[in-house]
Amino acid sequence: YDVGGKNDKSFNEAAFHGAERWAKETGGTYKELEMQNEAQREQALRQLAESGANPIVMTGFAFGDVLNTVAPDYPKTKFAIIDMVVDQPNVKSVVFTEEQGSYLAGVMAGMASKTGVVGFIGGMDIPLIRRFGCGYAQGVKSVNPNDTVLLNMTGTDGSAWNNPVKGAEIAKSQQSQKADVIYAAAGGTGVGVLQAAADMGILSIGVDSNQNYLHPGQVLTSMVKRVDNAVYEAFKEGADMKPGVAVMDLAAGGVDVAMDENNAKLVTPEMQKAVEDAAAKIKSGELKVHDYMSDNTCPAGQF
Amino acid sequence: MDKLPRWADVVLVPLICLIIAFVICGVLIWGIGQDPADALKIMVQGSLGSTYAWGYTLYYATNFMFTGLAVSIAFQASLFNIGGEGQATLGGLGVALSCLLIPWPHWTLALIGSIAASALFGAAWALIPAWLQARRGSHIVITTMMFNFISFALMNYVLVNMLRPLGSMDPASARFPAAVNLPKLGDILGLVGIPFSSKNPANISLLIALAAAVGVWALMWHTRLGYELRAFGKSEKAAVYAGISPVRITLYALALSGGLSGMMAINAVQGEAHRLLLNSVEGAGFIGIAVALMGRNHPFGIVLASILFGFLYEGGSQLALGTSIPREVITVLQALVILFTGALPYMVQKPLEHLFALRRRTA
Amino acid sequence: MAGTAQTMQGLGGGRQATAAPSSPYAIELKGISKSFGPVQANRDINIAVPRGTIHGIIGENGAGKSTLMSILYGFYKADAGEIFVGGRPTPIPDSQSAIRAGIGMVFQHFKLVQNFTVLENVILGAEDGPLLKSSLGRARRELEALSQEYELDVHPDALIEDLSVGHQQRVEILKALYRQAEILILDEPTGVLTPEEADHLFRILRGLRDQGKTVILITHKLREIMETTDNVSVMRRGTMVATVKTAETSPEALAELMVGRKVLLEVEKKPATPGRVVLEVEGLTVRTDGVERLKGVSFQIRAGEILGIAGVAGNGQSELLAALGGIASAGGRIAMNGVDLPLKGHHSNGQTRRAAGISHVPEDRQALGLIMDFTAWENVAFGYHNAPEYQKNALLMDNAALRADTEKKMKTFDVRPPIPGLAAKSFSGGNQQKIVVAREIERNPDLLLVGQPTRGVDIGAIEFIHKQIVALRDAGKAVLLVSVELDEIMSLSDRILVMFDGKIMGERDPGATDERELGMMMAGMTEAAKLGKDA
Amino acid sequence: MDLVSFLQILDSTIRLATPLLFACLAGLYSERSGIFDIGLEGKMLVAAFAAAAAAYATGSVWVGVLAGIGASMLFAAIHGLASITFRGNQLISGVAINFLASGLTVVLGTSWFHLGGQSPALTGGARFEDIVLPFATQITTNTPPLGLLDEVYSRVISGHSILVYVSFLTVPVTWWILYRTRFGLRLRAVGENPAAVDTAGVSVTGLRYAAVAITGLLCGLAGAYMSTGLSAGFLREMTAGRGYIALAALIFAKWRPWYALMACMLFGLLDAVAIRFQNINLGFVVVPVQFTQALPYILTVIILAGFVGKAIPPRAGGEPYVKER
Ligand SMILES: Nc1ncnc2c1ncn2[C@@H]1O[C@H](COP(=O)(O)OP(=O)(O)OP(=O)(O)O)[C@@H](O)[C@H]1O
Ligand SMILES: Nc1ncnc2c1ncn2[C@@H]1O[C@H](COP(=O)(O)OP(=O)(O)OP(=O)(O)O)[C@@H](O)[C@H]1O
Ligand SMILES: [Mg+2]
Ligand SMILES: [Mg+2]
């Protein structure tokens, strides 16, 4: 897992669920390690490799650099890395198209918004988060090009991901600027955003895992990133894992917007249809959601 | 009121304090349903059980030595520099710029460049608060703290918008050229025939840190500047009487302090990560405060305290890797160690004094 | 209080059986012992203080006087011994018990809260109830009554830090009186007072005694003992050497009892032979916090003379020393050996003054002259740490040379204990002062600035320090002596300038003036003084 | 900027300032008594945790607040023991307290709730509801504009949790205690010159313990407000450095209650402004978000350098009171 801990209610927790599912289904066992600092990443990888674990799955782009140096030392071990491309013969890189999922979330937000103003709250201003925000903004604008998307970040240090109070405050600030749907991609900070949105009676959008259940009837949807599926797949393939890059996009079921009984009342049939249309177009390639990472720009919003 | 023999004061008291801290932590581990003895074994083995493990311990210790010395120098001048975190962050920027912009032909030259760059950047970052304190009367504790926050924002901006290679997801700089990689401690010890694992991040920076400790010691107790720093720290009024300029001393003290903090980056950035990460300091600046206080502001005490904290840090990692004990147990252990050895030694000293007095009387 | 000649040594020990509620003694201490680590400050002390008397206690620095009184006041706990108050055995584990037993104490170092008002300091710990309002009101009235009764005029709303030491001391006395102390202990009360203030104090003390209160007075000044006390106890190295009736002893006898040898109470010096002008001061001004404290002072000092500056504390003498010593920035002009020195900017500092041949024994040795946490040898370098003889090379200092030098200086100046590695704070006040004086005089400066050189110092050490100052003068150096002790000014100086309100009131020849005249000038009454003289 | 935005920022300021204010006043008591306390952060954190845990377990926010206060006071007692009774180094003890809180909250939280150091979300009576003051209009997204006074009253003053009002009330109360009561007089004295208090027959130790206990109480309120008022549950490290900012505010305020209020409001305001105005487009250049995020800190530095003279701490601060060495 990445720094941030296993039970962050989103990213890392999803990975854990994937591993659990595999363990339950196959009766296999796995080892899990949590990072607490940078120098430890390499240590942990080597330790796992030397203990004979195969495959080794890691979540988070921060492992990329380390994996590049470690993987060649253990050619017989298979590695899978999530959220990063590492070009090594024994590494499978799993990347998600967060912009696509966020686009769908944006479509829903655009339609749900009555004020024409929606919000986005990111944890820290890093490329990954911009990708989320940019996809979201494109989705919103696809519904109504004149809508305003408020893009905010929580902070610049480690507390950015663990600052629910500030998250709530930003949500209130966005609400006061007339936003009535707020998308939070900010780890633990998002918990505060969703809570504040629910308290203020406006809608919010969760991220990574399905967070709809946190405030039933008040979370419009969650942009789920099926890290659990990726981990599950990687474990299932086991030592036979195919190296290379696996793009977990909308078509591959890697990203999606969560629909369940908790948000059923919020999702109108038109909304449902618009999402399905957009998804279909994206899958078919007809609609191309711009990826912020490709050129560090965003056509729909400004960071 | 009989004084303890020196050995008891220096060795026995801290040892008992350490044991108390470990015992309490053991109770906590037991309380959450885990086996404390097992945990201790894993910790010790994982951090001291092999040269590989020692490598990690020493790597962390190196960071703490730099930041601990930094805090202590300012402390001697009675300035509380809690900006080590920010100064080390800027030091990292210095190292990265030096390693990325200058095509160093050999690591030795790159090392000299990095030392200069990291010290310069760290010192510059500390000098602004120092100047503000000396000239404008701003409180150094507040300004250095604010400069920590500012440095994080600055680093965030620089990495995301400037140093990050295009298309990279990671808010980090590009990798440094291989030529600037510092030799590992294992390689150096190998040259003199001592077998030491080099599959760990311990590198030549450790020697620089030790040299810095000796340097600080010589500076504080054998040079005029050190004398003036200490005099100023004890009494500003008296320092003025002796013709020591408060402004000058404040600037010197913080420049030295910031420079040392910045030099931490040689170890973490050039020695280990080989690129500049968003959070390359990882709280070492704050741990430096604990290390300096525990080392009683003496360089040699600081070296020992750094190794202790390196052990706790690495042992803690191992605990988290090897058991289902949450890694934060180590934070608790660190807290207890700081508390008992740093703030409560008197609690142990008192009964010991009685004990020794009793023994002397019966003898 | 007339009585037969009687040495009361060992008095307490011999009369243990007589302890009764109707005891004639306000205080009896029996077998008091106290050590601080290895230092035995008090060793089996017995003393009895008759009710309604002023009882003096004298002794060399570090003899254990302050410790004994602190025990009596519950500030320290004795290792052994008993305390009787009014004949009743009274354990005094803390100051609260002492206050309850009717004991009040004015410490050598005042225990006042600097940024509180007089009133707040007085009521602290003796408030009427949980709210301050009524306490403050009552205290104000009582304070006014007390002030009237004892002429302790102190403004109740003044901040302590704005008061002169003399006034601060009155606040301490008021504190004790407000608590209705029957027994008042004063530890070296006159060390920081002007003669007038001291006289005033003694008038107060006598008034207290006449009302039946008991006063215990610690001082180094034999004249005060002789003039004020009824009985006197002498301490030496932690033990009680003797207790005698004041009327039946002499200063010489007391000095000998204290020190264990004969002491010269008069300064022996040859007439001065002034040479060339060493220091020239013209129109010197100093402002602090926007107030002009030194208002254009001009004078000259020649080689081979001691120029004494007399004045009540707080009339610009401190600022004069600070300006000359490079501590405070100033206006005007000073020239040393004919060369102008900067008075402001960063070239005006202690280092450049020392380089110009000016040494400075500051008034406050603990706050300025020494770093209390430094060792003696580190303090011997203080201010001279850049001197070439203390350097090993361009980079490093020569600590070994410094230690050797310190050892030598400690020997010549009889600093006790002669341990260079001991922290300055572990020396008694007198020995601390010797370290400072040794450091400054041994530089053999062209000009020595000395402020209050013997404040709080015992007679043995005073004798020694005075000798050193005179020796420096005889070696052809100039000395500027600032002191609030008129005795000291009169006996040491070759010329006397009197300062009042930041200005020089006039110059006098010590041989042709007297304390009365100087005292009037110090109070700002030049014309009166001149008239008096003319008439 | 329109009026409503401005009021919104003030509203936000009040919420953001409240935990700072509690913590700052907490520090004021301790430091006024001569005990430096850089462990405010840790006490807030442990209080936030205990409050959330207890509120969750009992469903009552008041039990939560009491638990938060209890936990914080326990930590304060450790600090008192170390720095008063055992004459330890106050800075070290404070650092230790911060570490201890940071570790213990997660260890216990993980072990109790199995949510990775997070507490379950609090609902209903387990968290503080905002109080709408009498005559205030409940503001919703489409409330029509009101008169200016109404706006200020309804938008800024009304609609906070009870603890907000408590914190603001604590300011005059603290002032009154400090300057109008016997306890306050002694407290101020013991931080300036403990020997004066001791020789006046008052227990230095007792006074300092009392002060440290009050610090615990107020830090407890600060933490409880964060986890049960501002958010609905505990999250690891959720205090996010506010204890240190409170300390900065205390120094800024020169250890005085009304100034503390102003300092905390200023920090809150800077924070609220930074939240509201990210990505300012100046036309020719877009101010990077990192700059706006650092702006509160930069402004603090500038204000300190420009407008506030030297802050002199209580004179006896940081030193244990020792009579005999
Ligand atoms: N707080 C203390 N800690 C350790 N030693 C002390 C302390 N106070 C006094 N002493 C020691 O006790 C001895 C007696 O000191 P004390 O202050 O009683 O002397 P004194 O007679 O009052 O001297 P002086 O005339 O200078 O006031 C000294 O040798 C001193 O070193
Ligand atoms: N903190 C201390 N630690 C150790 N010894 C001390 C300490 N303070 C005082 N002393 C010892 O106590 C003795 C008396 O100290 P103190 O300052 O009370 O002297 P004093 O009797 O007042 O003398 P003086 O008249 O010179 O001021 C000294 O000899 C000194 O060595
Ligand atoms: Mg004394
Ligand atoms: Mg003395």
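Here the structure is a predicted model, which means the values were calculated and not measured.
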Asks: Of the non-hydrogen atoms in Thr154(A) and Gln293(D), which two are nearest, and what is the gap between them?
Replies: C-NE2, 3.4 Å
Asks: Do you know which of Ala274(D), Gly229(D), Ala240(D) has the most heavy-atom pairs with chain A at a distance under 4.5 angstrom?
Replies: Ala240(D)
Asks: In terms of heavy-atom pairs under 4.5 Å with chain D, which of Ala196(A), Gly167(A), Gly201(A), Gly155(A) leads?
Replies: Gly155(A)
Asks: Nearest 0.5 angstrom please: Ser12(D) OG to Glu169(A) CD, how far?
Replies: 3.5 Å
Asks: Between CG of Leu235(D) and CG of Asn162(A), what distance do you get to the nearest 0.5 Å?
Replies: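 Taking CG in Leu235(D) and CG in Asn162(A), the distance rounds to 5.0 Å.
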Asks: So does Phe267(D) have more than 12 non-hydrogen atoms from other groups sitting under 6.0 Å from CZ?
Replies: yes
Asks: Looking at OG of Ser231(D) and CG of Asp199(A), how far apart are the two atoms once the value is rounded to the nearest 0.5 Å?
Replies: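 Between Ser231(D) OG and Asp199(A) CG, I get 10.0 Å after rounding to 0.5 Å.
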Asks: Side chains of Asn152(A) and Arg276(D): donor-acceptor distance under 3.5 Å anywhere?
Replies: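 No, Arg276(D) and Asn152(A) have no side-chain donor paired with an acceptor closer than 3.5 Å.
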Asks: For chain D, find which of Ile170(A), Leu150(A), Thr189(A) contributes the most heavy-atom pairs closer than 4.5 angstrom.
Replies: Ile170(A)
Asks: Using the side-chain contact (heavy atoms from CB on, under 4.5 Å) rule, take Arg242(D) and Lys166(A) through it: C-alpha gap first, then chi angles, then the decisive distance, then the call.
Replies: CA-CA 11 Å; Arg242(D) 286 179 180 80; Lys166(A) 191 148 180 195; 4.2 Å; yes
Asks: What pair of heavy atoms forms the shortest contact from Met238(D) to Asn163(A), and how long is it?
Replies: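 Taking Met238(D) first and Asn163(A) second, the nearest heavy atoms are O-OD1, 4.1 Å.
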Asks: Rounded at 0.5 Å granularity, tell me how far CZ in Phe6(D) sits from OG in Ser176(A).
Replies: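 Output value for this atom pair is 13.5 Å.
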Asks: Working to the nearest 0.5 angstrom, can you tell me the gap between Thr156(A) OG1 and Tyr297(D) OH?
Replies: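 Answer rounded to 0.5 Å: 7.0 Å.
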Asks: So, do Arg15(D) and Lys172(A) sit near enough that their side-chain heavy atoms are less than 4.5 Å apart?
Replies: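 Yes; the side chains approach each other to less than 4.5 Å.
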